[in-house]
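See below for the structure under consideration.
Proteins get letters first, then strands, A, B, ... in listed order; numbering begins at 1 in each. Below, each value reflects all heavy atoms present in this structure, side chains not excepted, and no hydrogens, waters or symmetry copies.
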Amino acid sequence: MSSDPKLLEGSIAVSQPFDLDVCLNSGQAFAWFQRENAWLGAIRQTAFALRQEKDRLFYHTSAPSFPESDALLRHYFALDDDYEKIRRRLPRDPFLRSAMRFGAGLRILRQDPWECLAGFILSSAKQIVHIRQIWQEVARRWGMPLELRGEGEGVAQPPPAVKKNTAGGGCATWLPVYSFPDPDKMAVLSEADLRSCGMGFRAPYLLHAAQQIAGGEPDLASLRNLPVEKAREKLMRLRGVGQKIADCALLFSLGKNEAFPVDTWILRVLRRVYFRNKRRVRPARLRSFAAGHFGPHGGLAQQYLFHYARMHPHFLAR
DNA sequence: GCCCAGGCCATTT
DNA sequence: AAATGGCATGGG
């Protein structure tokens, strides 16, 4: 219960455009799942249950202290970035502006590079719901169980103000949260281990990436300090990592705000809106257009477009 | 049963 | 260079 001294509850006042649901449901991170009114997941080795109410982010966490939980959340959601200012630097084209209005509160997460890369290796030719399922299975089997309350319970409590399931007088049951296994941990698994999580032909790619990264090549953390082209080139040396997956890792975990991943949704949006419905415009052309048009914060623009398209499937129909 | 999914790779034209 | 087909698996 909330009287458990091990359970840390807190909240953060957010004075920024911020919508938790949009951030965690926009296909950036696959580690979070919704239970009742809360999002459950982990930031590296720290479990959180999150719920937003207006301009306040409420949480329960396994973090040992408020300074640590506060810092983790502020960093992960980039709450100290000035998104009003960033949004003003995006182009004023009408379609982007309406996508920005629709997705107000969307932010680029600052994920762990390994987790982000692994998630997007799993993402190819998969729907987001299924990527989440595979992620959870991998985490459940080889990650660390993270207790949101005292040791031995294995059950997380809902965050503040979340309604409990009062049927039968019992508390709601919350699934335990697991961290995602490190490269070292994954590197010693077999391809069959990974395949048994349902990831199919992506298994050898993920295993190879884990082994490479565990061996220090590439050193993901150091990619942050390279120019985006060099960092992308290193990522693309990994089998199963093309430009799209590399750009996702660069944008969502390595601070490359100009990275503009072109996936099937963005492909269709750009062709339809910015190339007047022309078929046969090739991805390379779209990428160079996007780099020039959307500029140094193109990645955020890309997320607005992606989110808008995915929430308006009829818009791209036909 | 169909279809396709935040792709990538090897193989053909 | 640019267009295919194959790849595993599950959800709609």
So what does [X] touch, heavy atoms closer than 4.0 Å: a base, only the sugar-phosphate, or nothing?
X: A:I266; value: base
X: A:R202; value: base
X: A:S26; value: base
X: A:F120; value: base
X: A:G242; value: sugar-phosphate

Interatomic distance, [X] [atom1] vs [N] [atom2] [rounded to whole Å]:
X: A:L267; N: C:dA3; atom1: CG; atom2: P; answer: 12 Å
X: A:L316; N: B:dA5; atom1: CG; atom2: C1'; answer: 15 Å
X: A:W265; N: B:dA5; atom1: CH2; atom2: C1'; answer: 9 Å
X: A:M199; N: C:dG10; atom1: CE; atom2: P; answer: 12 Å
X: A:R132; N: C:dG11; atom1: CZ; atom2: P; answer: 14 Å
X: A:I121; N: C:dA8; atom1: CD1; atom2: C1'; answer: 16 Å
X: A:R195; N: C:dG10; atom1: CZ; atom2: P; answer: 13 Å
X: A:I128; N: B:dA5; atom1: CD1; atom2: C1'; answer: 10 Å

Check: Taking the inter-plane angle between the rings of A:F289 and A:H293 on a 0 to 90° scale, is it parallel (under 30°), tilted (30 to 60°) or perpendicular (over 60°)?
Finding: parallel
Notebook entry, point to check: Going by an N to O cut-off under 4.0 Å, is there a salt bridge joining A:E229 and A:R232?
Noted result: no
Of the nucleotides [options], which has the atom closest to the [X] side chain?
X: A:V129; options: C:dG11, B:dG6, C:dA3; value: C:dG11
X: A:H130; options: C:dG11, B:dG6, C:dG10; value: C:dG10
X: A:Q127; options: B:dG7, C:dG10, C:dT4; value: C:dG10

Next item on the list: Using the P atom as the reference point in each nucleotide, state the distance between C:dA3 and B:dG6 in Å, no decimals.
Entry: 23 Å
Notebook entry, point to check: B:dC9 and C:dG10: how far apart are their P atoms, nearest whole angstrom?
Noted result: 24 Å
Margin query: Quick test of the criterion, 5.5 Å between centres and less than 30° between planes. Is A:F306 stacked on B:dG6 or not?
Written below: yes
Note to self: Which residue is it: A:Q52, A:E53, A:R56? I am looking for the one with a side chain to side chain donor-acceptor pair (under 3.5 Å) to A:S11.
What the structure shows: A:R56
Notebook entry, point to check: Hey, does the side chain of A:R92 reach the backbone of A:R97 with a donor-acceptor pair shorter than 3.5 angstrom?
Noted result: no
Item checked: A:S190 backbone acceptor or donor facing A:D193 side chain under 3.5 Å -> yes
Check: Which sits closer to the 5' end of DNA chain B, A:L238 or A:I131, going by the nucleotide each is nearest to?
Finding: A:I131
Margin query: Given the structure, check if the side chain of A:Q303 and the base of B:dG6 hold any donor-acceptor pair shorter than 3.5 Å.
Written below: yes
Check: Dot-bracket, DNA chain C: Watson-Crick or G-U, under 3.5 angstrom, [ ] crossing, | other strand?
Finding: |||||||.||||
Note to self: Does either side chain, that of A:R237 or that of A:Q212, offer a donor lying less than 3.5 Å from an acceptor on the other one?
What the structure shows: no
Check: Which residue, A:S124 or A:R280, contacts DNA chain C at a nucleotide closer to its 5' end, judged by nearest heavy atom?
Finding: A:R280
It should be established whether [X] places a side-chain nitrogen or oxygen under 4.0 Å from OP1 or OP2 of nucleotide [N].
X: A:S123; N: B:dA5; result: no
X: A:R239; N: B:dC8; result: no
X: A:Q133; N: C:dG11; result: yes

Next item on the list: Apply the ring pair (Phe, Tyr, Trp, His ring centres under 6.0 Å) test between A:F30 and each candidate in A:F180, A:F120, A:W135; give the one that qualifies.
Entry: A:F120
Margin query: Rounded at 0.5 Å granularity, tell me how far CZ in A:R310 sits from CD1 in A:I128.
Written below: 3.5 Å
Notebook entry, point to check: Is the A:F95 to A:Y308 ring centre distance short of 6.0 Å?
Noted result: yes
